[in-house]
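Accompanying notes for the structure given below.
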Amino acid sequence: MAEHPRPISVSLGQVLMDSGLLTAEQLRDALLAQSSDSRRKMLGEILIERGFVSQEQLLRALANAKSMEFIENPSEVADPGVRALIPESIRHEHLVVPLSLADGELVVCTSNPDDFVVCEHLARMTGFHVRVTVSTQEALETALAMVLPEVESSTDRSGADTQEIVAELLDNLDDVVGAVSEPATAEMSGSPDEASSGPVVRLVNHIIACAVAEGASDIHIEPDDAQLRVRLRVDGVLHVRVRPPYRMHSAIASRIKIMARLDISERRIPQDGEISVRVNGRPIDLRVSTLPGKFGEKVVMRVIDVGGTRIGLEQLGFRASTEATFRKVIDEPHGVVLVTGPTGSGKSTTLYSVLAGFDTECLNVSTVEDPVESNLPGVHQTQVNVKAGLTFSGALRSLLRQDPDILMVGEIRDGETAQTAVQAALTGHLVLSTLHTNDAPSAVTRLTNLGVEPFLVAASLRGVLAQRLVRKTCVHCRTTYVPDGHERASMGKYGETVTELRKGIGCRRCKERGCSGRIGLYELLVPDSRILDAISAKVDLSAIRDLLSKQGFETLWDDGMHKVLAGLTTLEEVHGACRR
């Protein structure tokens with residue numbers, strides 16, 4: 001947003017000169033430009049445009065002269081409990097953030113401390129004495145974007161579902177985006193005014209809040225030729241939540257871009273950004289990705305519950321024998337432990353569960369991640385920043401100089417990171433990381449393909465855990481049934497004696513899906529001397545698999561069949577997961 005300081009009641013030029021931020025010559029230059037400008041720009045605007053001062057310097061000096069407090073990050077000190085005292089429309093229109101309320105005094109933050117009319121209006125409207133603090137427009141916009149209003153859940157609305165609640169919000173949108181639907185080929189405006197209007201803000205907030213309430217991992221906003229489709233990925237499956245009219249697309253996309261600090265005028269190239277918000281007091285991060293398409297930009301937001309409850313290993317769905325063996329692996333003082341699987345298979349959750357079990361009072365535990373998905377108390381977490389030159393391998397090398405005991409590398413993507421991780425393990429550190437492979441044995445060949453010598457892989461590798469996620473059958477509507485011949489045949493040896501299986505038939509609690517929540521399927525490779533010798537001898541992957549098979553190695557499929565027989569998931573879920 002362009003910076004447009006408004007008139008002030010003290011001599012701005014004198015204040016800036018007294019603060020040492022402006023010379024007399026610069027002031028004369030700015031005053032001359034102001035007198036010759038037909039639009040009569042404000043002095044502060046001219047000073048900022050000419051680069052004499054920044055907006056922060058100007059406002060800090062002004063706040064000091066008026067004995068007001070300058071707030072560098074209002075989003076960090078704003079109390080969500082007082083936001084309702086000022087209507088959302090006023091907060092956005094006048095760029096004012098309510099910070100706190102104590103002893104009858106409402107503290108607000110603004111970039112225009114001399115707007116006495118607004119301050120008096122706020123005092124009359126709230127009935128409190130208003131104390132004004134100062135911050136920059138950018139910081140205030142960030143604070144406003146981070147604060148989501150409380151959104152009622154569908155169960156609090158006399159049975160009204162999400163579709164009805166959103167439709168209620170859509171009724172007032174014609175004033176914002178026009179009464180006539182624009183054709184699919186029309187140029188989309190997506191102006192900041194439209195994107196910041198009340199109904200659009202409420203709708204976007206409502207979508208985000210519903211996603212958090214349902215435990216969704218992703219939000220998809222997809223334009224088609226006649227309408228939008230808003231889908232939430234819940235338990236790994238996408239579900240349509242609402243189909244707004246197409247004319248709303250530009251305003252919704254622009255609102256999300258504003259929140260993520262993206263360029264709303266750029267629709268020809270993909271953009272990536274981040275949004276940090278609070279929903280019902282919970283800190284939530286949204287990783288935003290936009291992608292141009294035939295009918296407009298598709299927007300996808302990954303939902304990350306930063307303050308989510310830690311999950312222990314015992315809650316991930318390990319069978320008792322697998323969990324006991326895995327605990328022995330991560331108790332090793334040094335070596336490489338890998339978790340493998342495709343995107344969305346729960347690898348990060350498993351690693352976070354492992355890290356949460358370490359004694360961080362006695363151990364130096366550090367991570368390198370992209371992104372940092374959750375805050376771990378007592379763990380030093382480093383965010384990769386490729387644009388700034390901070391890569392996985394570079395950060396890992398730096399961490400090795402920080403006297404670490406345990407290192408977690410979010411992902412091994414290249415040869416340099418792989419070799420650094422192996423060397424760290426060989427020099428007495430426990431290194432945890434992830435790889436994108438289809439199964440546990442493939443991790444061995446993946447490391448060698450990245451340039452790690454086979455004998456170094458054999459010397460450092462302690463264990464590989466491959467995993468998938470499947471939906472759990474709903475415990476409230478689970479029922480037994482007799483599998484047919486085709487189903488028994490598809491189970492292989494496990495179908496020879498099976499007489500009944502379980503599945504969910506759908507109920508109100510699982511939203512008629514028959515499934516609720518997810519559970520992991522796991523295969524754990526702990527290489528013994530024969531496997532390590534085979535790795536060192538550079539045998540191919542099929543030979544390693546043959547060796548493991550002779551040793552009774554249990555695969556993802558085997559674990560899935562055990563969980564089908566236990567009624568925890570369905571045959572269809574395991575078939576789908578093991579094909580990925």
Side-chain angles (χ1 to χ4, degrees), residues 1 3-12 14-16 18-19 21 42 44 53-152 196-198 201-202 205 209 258-259 275-284 306-307:
M1 175 180 283
E3 297 161 333
H4 299 294
R6 301 183 186 180
I8 58 176
S9 58
V10 297
S11 174
L12 175 60
Q14 190 62 50
V15 168
L16 294 174
D18 291 344
S19 302
L21 298 172
M42 302 305 169
V53 294
S54 67
Q55 187 190 45
E56 182 174 341
Q57 289 174 322
L58 186 151
L59 290 172
R60 279 185 181 275
L62 181 58
N64 184 60
K66 298 172 72 67
S67 299
M68 291 180 172
E69 183 181 3
F70 183 87
I71 307 294
E72 186 171 351
N73 293 310
S75 57
E76 295 182 357
V77 298
D79 179 2
V82 303
R83 61 177 177 262
L85 293 175
I86 301 178
E88 188 177 33
S89 58
I90 294 178
R91 297 200 304 263
H92 285 274
E93 180 181 354
H94 297 284
L95 206 60
V96 58
V97 176
L99 298 182
S100 62
L101 176 64
D103 299 326
E105 180 180 72
L106 175 64
V107 181
V108 301
C109 194
T110 177
S111 63
N112 182 20
D114 279 309
D115 196 342
F116 299 111
V117 173
V118 172
C119 294
E120 290 174 1
H121 176 61
L122 293 177
R124 289 196 304 270
M125 179 179 63
T126 62
F128 299 112
H129 171 70
V130 175
R131 178 165 66 87
V132 178
T133 62
V134 184
S135 190
T136 63
Q137 291 186 8
E138 181 180 4
L140 292 168
E141 287 169 352
T142 299
L144 288 175
M146 288 181 67
V147 178
L148 286 176
E150 299 289 339
V151 178
E152 295 176 339
S196 299
S197 64
V201 171
R202 289 198 301 275
N205 289 348
I258 288 172
M259 295 175 73
I275 301 171
S276 295
V277 295
R278 284 186 178 272
V279 180
N280 294 330
R282 294 163 58 188
I284 302 294
V306 180

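As the structure is a prediction and not an experimental result, all values here were calculated from the model. Each residue takes its place number in the sequence, starting with 1.
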- Query: How about Glu138 and Glu56: do any of their side-chain heavy atoms sit closer than 4.5 Å?
  - Reply: no
- Query: Nearest heavy-atom pair of Ala61 and Leu16: which atoms, and what distance?
  - Reply: CB-CD2, 3.9 Å
- Message: Side chains of Val277 and Asn205, heavy atoms from C-beta outward: is any pair under 4.5 Å?
- Response: no
- Note on the structure: In this structure, CD of Glu69 is separated from CG of Asn64 (nearest 0.5 Å) by 12.0 Å
- Query: Looking only at heavy atoms, what is the nearest atom pair of Leu95 and Ser111, with distance?
  - Reply: CD2-OG, 4.1 Å
- Message: Can you give me the closest heavy-atom contact between Arg91 and Pro98, atom names plus distance?
- Response: CD-CD, 3.7 Å
- Residues Pro74 and Leu140: closest non-hydrogen pair is CG-CD2, 4.1 Å
- Message: For the CD atom of Glu141 and the OG atom of Ser135, what is their distance to the nearest 0.5 Å?
- Response: 10.5 Å
- Query: Are Ile90 and Met125 side-chain neighbours, meaning at least one heavy-atom pair lies under 4.5 Å?
  - Reply: yes
- Among Ile71, Val97, Val108, which residue meets the side chain to side chain contact (heavy atoms under 4.5 Å, CB included) test with Thr133? Ile71
- Item | Within-4.5 Å side-chain heavy-atom neighbours: Thr136 and Phe70 | yes
- Closest approach of Leu99 and Cys109, non-hydrogen atoms and distance? CD1-CB, 3.9 Å
- Straight-line distance of His121 NE2 to Thr126 OG1, nearest 0.5 Å: 9.5 Å
- Heavy atoms of Leu106 and Ile86 approach each other most closely as CD2-CD1, 4.4 Å
- Measure the spacing between CG of Asn112 and CD of Gln137 and express it to the nearest 0.5 Å. 9.0 Å
- Item | Nearest-0.5 Å distance, CZ of residue Arg131 to SG of residue Cys119 | 12.5 Å
